[in-house]
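From a predicted model like this one, the values you see are computed outputs, not experimental measurements.
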Number of protein chains: 2
Amino acid sequence: MMAKRTNNMADVLSSVPLFRKVERAEVVALAEQVRELQVERGEILFQRGDRPHGFYVLLEGRITLAFPSEQGAERILEVIKPGETFGEALMFLGHPYPVFSQASVDSRLLDIPEQAINNLLDRDTQLAKKMLAGISIRLHELVSNLEACSMRSSAQRVACMLQHAAPTKGAQEYDVQLPAAKHVVASQLNLTPETFSRVLHVLTESGLIEVSGRVIKVLNAEGLRKLQL
Amino acid sequence: MMAKRTNNMADVLSSVPLFRKVERAEVVALAEQVRELQVERGEILFQRGDRPHGFYVLLEGRITLAFPSEQGAERILEVIKPGETFGEALMFLGHPYPVFSQASVDSRLLDIPEQAINNLLDRDTQLAKKMLAGISIRLHELVSNLEACSMRSSAQRVACMLQHAAPTKGAQEYDVQLPAAKHVVASQLNLTPETFSRVLHVLTESGLIEVSGRVIKVLNAEGLRKLQL
DNA sequence: CGAAAAACTTGATTCTCATCAAGGTTTTTT
DNA sequence: AAAAAACCTTGATGAGAATCAAGTTTTTCG
């Protein structure tokens, strides 16, 4: 039953932050042009060098964007989480992807064709502003990432990441759930897994954090902040 | 003579990637809402934490965006050169600036108020797409920067920078005029001035480049490329 | 022009982090 | 439940880059 499928899809689209303010009729029209994808853990969505034909919204799962590299030591740039979009910037640019994207767990996502979004942009300036803001957020995050990457010591980079993950600014104690496997987080911080492990060990010995599996309990946010100097 | 001033301003705005495809009449309308600023060497344009009310186009001079830090060792994220825009991403976000901006020489720039952009966006949907492309380009540049930063060796980072500065793709010999003082360039590459100096020395000894002041003559682009592996 | 400041280079030393290697743990698969 | 795979930790070592220090050159400005 096609109408049903379109209706479901429209509901899904409306729940994505980017499309939340778009009129129902527009969303329904968009829903007919959108394709839902399932990818399995380890599957590659696109390779570095591929030409984009649209962009993606992740519904469920986890997608990593990374720079390829010989001898398998790729650098992970970003981990996409449900609700987030990716690939839109390259779509607008018409440049080939500088990174490749891989599902780190089984995932469900929407493929939004370039044509569909172009049509919508002509009619909905609210959406245009939202997309501008969305790409701006991306930019903002990349800037933070660069900031972290440019701090000299490994401990500083880790401390910075932990502070960013604080639920409320100024909280002294909180739990951080790592968004991915430790070696992935390490790569995002431009560290080797070994160094990351050692840093966590040192921070634990200093009484600043406690680690159990993928959960890190920050005990002394102020102490972490002092490392940044 | 107001009309002349507005015309000049419109010419400048038309040359900004963001407004390249906007109708002349609209650019002229925009030009009337734009303010020209003069800042002196060392002057701070905005501080980290300030709220944006628009964005900037640099006409003349040089603006550095940097993360503040105690003991004066701030990390320079980007050097804005004439013709480039900055601050637009944060304007759409409505977030405070994560960096501060400082004129490294006496500079002239345009301040484009948020209101003016909003008015234009409502009228011209093509403009929205162009702005999307503009921000996408910035994002892409940042990604490249991150990619460069994640390359391990100092020589690789310098070689990468020199390749990016090539006038035509594939040229074997060309001159590179460094956009700023060597210590600034070093900081962009996340190197100390000392290390940067040593790397240039080594590359010179290998016969790959020749350095005289702020001009670097690339003698063997292919040799530089081979370093990247 | 000449003094002062800033920018740049070079050398010696220290320290951080990647690499290599091996063992332990958790998760997934069968 | 056992086997396999992926993930994580820990140790030893070496290479590369930061730091410290001292000169040299270039730029700025009275």
Exercise. Going 5' to 3' along nucleotides 5-19 of chain C, which nucleotides have protein heavy atoms under 4.0 Å from the base (write B), which only from the sugar-phosphate (write S), and which from neither (write -)?
Worked result: --SSSBBB----SSB
For this session: Please examine the side chains of Val176(B) and Val218(B), heavy atoms only from C-beta on, and report whether any two atoms are closer than 4.5 Å.
Result: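 Yes, side chains in contact.
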Exercise. Side chains of Glu88(B) and Thr85(B): do they bring a donor and an acceptor to under 3.5 Å?
Worked result: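 Result is yes, a qualifying pair exists.
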For this session: Could you point out which residue of Leu203(A), Val158(A), Leu162(A) forms a side-chain contact (heavy atoms from CB on, under 4.5 Å) with Leu227(A)?
Result: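 Result for side-chain contact (heavy atoms from CB on, under 4.5 Å) with Leu227(A): Leu203(A).
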For this session: Look at atom CD of Glu40(A) and say whether more than 12 heavy atoms of other residues, nucleotides or ligands are closer to it than 6.0 Å.
Result: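 Incorrect, the count does not exceed 12.
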Exercise. Just wondering, are more than 12 heavy atoms of other shown residues or ligands nearer than 6.0 Å to CD in Glu222(B)?
Worked result: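 Atom CD in Glu222(B) is crowded, with more than 12 foreign heavy atoms closer than 6.0 Å.
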For this session: Starting at NE2 of His183(B), measure out to OG of Ser197(B) and round the result to the nearest 0.5 Å.
Result: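 Spacing of NE2 (His183(B)) from OG (Ser197(B)) equals 13.0 Å.
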For this session: Specify the closest pair of heavy atoms between Ala31(B) and Ala10(B), including all atoms of both residues, with the distance to one decimal.
Result: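 Smallest interatomic distance, heavy atoms only, reads CB-N, 3.9 Å.
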Exercise. How far does the helix from dC1(C)-dG30(D) to dT30(C)-dA1(D) bend, going by the axes of its first and last five pairs, to the nearest 10°?
Worked result: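 Rounded value for the end-axis angle: 60°.
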